[in-house]
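This report concerns only the one structure given below.
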Amino acid sequence: MTSACMTSITITSLSFPRYRFRCYSPVQNKIHFPRRFFSKLNIDAEDEVQTRVWNWRGYSIRYQRSGSNGPALLLVHGFGANSDHWRNNISVLAQSHRVYAIDLIGYGYSDKPNPRQIRDHSFYTFETWASQLNEFCLDVIKDEAFFLCNSIGGVVGLQAALVAPHICRGIILLNISLRMLHIKKQPWYGKPFIRSLQRLLRDTVLGKFFYKTVATKESVRNILCQCYHDTSKVTDELVQIILGPGLEPGAAEVFLEFICYSGGPLPEELLPQVKCPVLIAWGDKDPWEPIEIGRNYENFDSVEEFIVLPNVGHCPQDEAPHLVNPLVESFVARHAESSPSTSIVN
């Protein structure tokens, strides 16, 4: 693997316009905005945000797309979120890219098959989601893509890039999950207790009761106020974006299955193996994924930059799009020029 130049950068101030887009309905094929709305933003009406459904292995997968020119970007959300969490990024980035934001299976408005009714009981894994990303690039994008990922979406993106290195051109990781509850990171004396708690949540009615206490407007707002440093960004709209899909049939089973998932890959295992360039950006006020631990990732050869986002929490793309969007544009422009896209479709 070629060693990349590693730098550590702190962004102090960047100005970039912020736009919000609502996308609640899982049944609409397209979401239309008035043409005059796009003329004000200097965005062609043909590049409006569209919501579509992709049939993947018999499951319905919701995704959003916008933009008709430039390199392809695939946006991957974190745990409990969905493609609407990229509402402040899609249309801005679509001015010079073909942007796709996907709901991972089990999340958002994608299908949520019950893990207990699937022959493969280890269905909700990073390997499954990585396959979903790579097959989406083949079937829908029909091209290589840059991955923009938040939280556990970062582990999904790294796993996908490792499995199919010819598809991913580069990855931007926003506060990637450190996976602190992974079996390898649990102290020996805590493992039996954690396993017992996981079985209790997954196999008894206690789990459903716990989920009901979490899946409320008040609980979602409190959780978001923990992970957003600027709590003024935790609006009613944001609460609905996160809560709405969580009230759909099957959401509780997926939630409980994943919080009991202590295996799979770790970021520090994947980063040394990926062949594409990686940029890591980290909100320094993230209470869940401490930047002090995350900084260790900048030592891997694949990581060319580690960028600190000051006074930003766990979801920089939504809390500070004025910082994130220019980073994405710069990273993609740099690597799109150095390695022109090659079609992956026969």
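Val274 and Val163 fall into different hydrophobic clusters, where Ile, Leu, Val, Met, Phe, Trp and Tyr residues are linked whenever their side-chain heavy atoms come under 4.5 Å apart, directly or through other members. Residues Leu104 and Phe258 share a single hydrophobic cluster, defined by chaining ILVMFWY side chains whose heavy atoms lie under 4.5 Å apart. Hydrophobic clustering (side-chain heavy atoms under 4.5 Å, transitive across Ile, Leu, Val, Met, Phe, Trp, Tyr) keeps Val278 apart from Leu266. Val214 and Val205 fall into different hydrophobic clusters, defined by Ile, Leu, Val, Met, Phe, Trp and Tyr side-chain heavy atoms under 4.5 Å apart, directly or through other members.
Minimum heavy-atom separation, Gln132 to Ile105: OE1-N, 3.0 Å. When all heavy atoms of Gly154 and Ile176 are compared, the closest pair comes out as C-CD1, 3.7 Å. Across all their heavy atoms, Pro326 and Pro321 have their closest contact at CD-O, 3.9 Å. Across all their heavy atoms, Val155 and Ser177 have their closest contact at CG2-O, 4.1 Å. In terms of heavy atoms, Asp286 sits closest to His314 at OD2-ND1, 2.6 Å. Between Ser131 and Trp56, the shortest heavy-atom contact is C-CZ2, 4.2 Å.
Atoms CD1 and CH2, from Ile141 and Trp54 in turn, are 9.5 Å apart once rounded to the nearest 0.5 Å. Rounding to the nearest 0.5 Å gives a distance of 4.5 Å between CG of Asn311 and NE2 of His229. Here CD1 of Ile61 is found 9.5 Å from CZ of Phe136. Values are rounded to the nearest 0.5 Å. To the nearest 0.5 Å, the span separating CG on Leu243 from CD on Glu248 amounts to 11.0 Å. Taking CG from Leu158 and CD from Glu269, the interatomic distance works out to 11.5 Å, rounded to the nearest 0.5 Å. Note: Glu292 CD to Asp284 CG = 9.0 Å, rounded to the nearest 0.5 Å.
Residues Tyr297 and Phe306 place their aromatic rings such that the two centres sit no closer than 6.0 Å.
Between Val234 and Arg221, some side-chain heavy-atom pair lies under the 4.5 Å cut-off. Two residues are said to be in side-chain contact when any heavy atoms from C-beta on lie closer than 4.5 Å; Val156 and Leu133 meet this criterion. Within the 4.5 Å cutoff, no side-chain heavy atoms of His77 are placed close to those of Asp84. With contacts defined as side-chain heavy-atom distances shorter than 4.5 Å, the pair Tyr107/Trp129 qualifies.
Side chains of His335 and Glu304: a donor on one and an acceptor on the other come within 3.5 Å. Neither side chain, Tyr100 nor Gln64, offers a donor N or O lying under 3.5 Å from an acceptor on the other. Donor-acceptor pairing under 3.5 Å is lacking for the side chains of Gln317 and Trp86. No hydrogens or angles considered: a donor-acceptor pair under 3.5 Å links the side chains of Asp318 and Tyr228. Asp103 and Asn82 form no side-chain donor-acceptor contact under 3.5 Å, judged by distance and modelled atom types alone. Ser83 and Arg62 are linked by a side-chain donor-acceptor pair at a separation below 3.5 angstrom, with hydrogens and angles left out of the test. Judged purely by distance below 3.5 Å, without hydrogens or angles, the side chains of Thr125 and Thr128 pair a donor atom with an acceptor atom.
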### Query
For Lys285 and Asp230, what are the C-alpha separation, side-chain angles and deciding distance, and is it a salt bridge (Lys or Arg N to Asp or Glu O under 4.0 Å)?
CA-CA 10 Å; Lys285 301 301 183 183; Asp230 182 358; over 6 Å; no
### Task
Any chance you could lay out the salt bridge (Lys or Arg N to Asp or Glu O under 4.0 Å) test for Glu298 and Arg295, step after step, and finish with the verdict?
CA-CA 6 Å; Glu298 70 178 314; Arg295 275 189 178 278; 3.7 Å; yes
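The residues Glu144 and Arg169 are annotated as salt-bridged, a charged nitrogen and a carboxylate oxygen being separated by less than 4.0 angstrom. Using a 4.0 Å cut-off between a side-chain N of Lys or Arg and a carboxylate O of Asp or Glu, Asp143 and Arg98 qualify as a salt bridge.
Of the listed residues (Ile307, Leu327, Leu323, Asn150), just one forms a side-chain contact (heavy atoms from CB on, under 4.5 Å) with Pro316, and that residue is Asn150. Shown are Arg116, Lys208, Lys112; of these, the side-chain hydrogen bond (donor to acceptor under 3.5 Å, both in side chains) with Glu253 is made only by Lys208.
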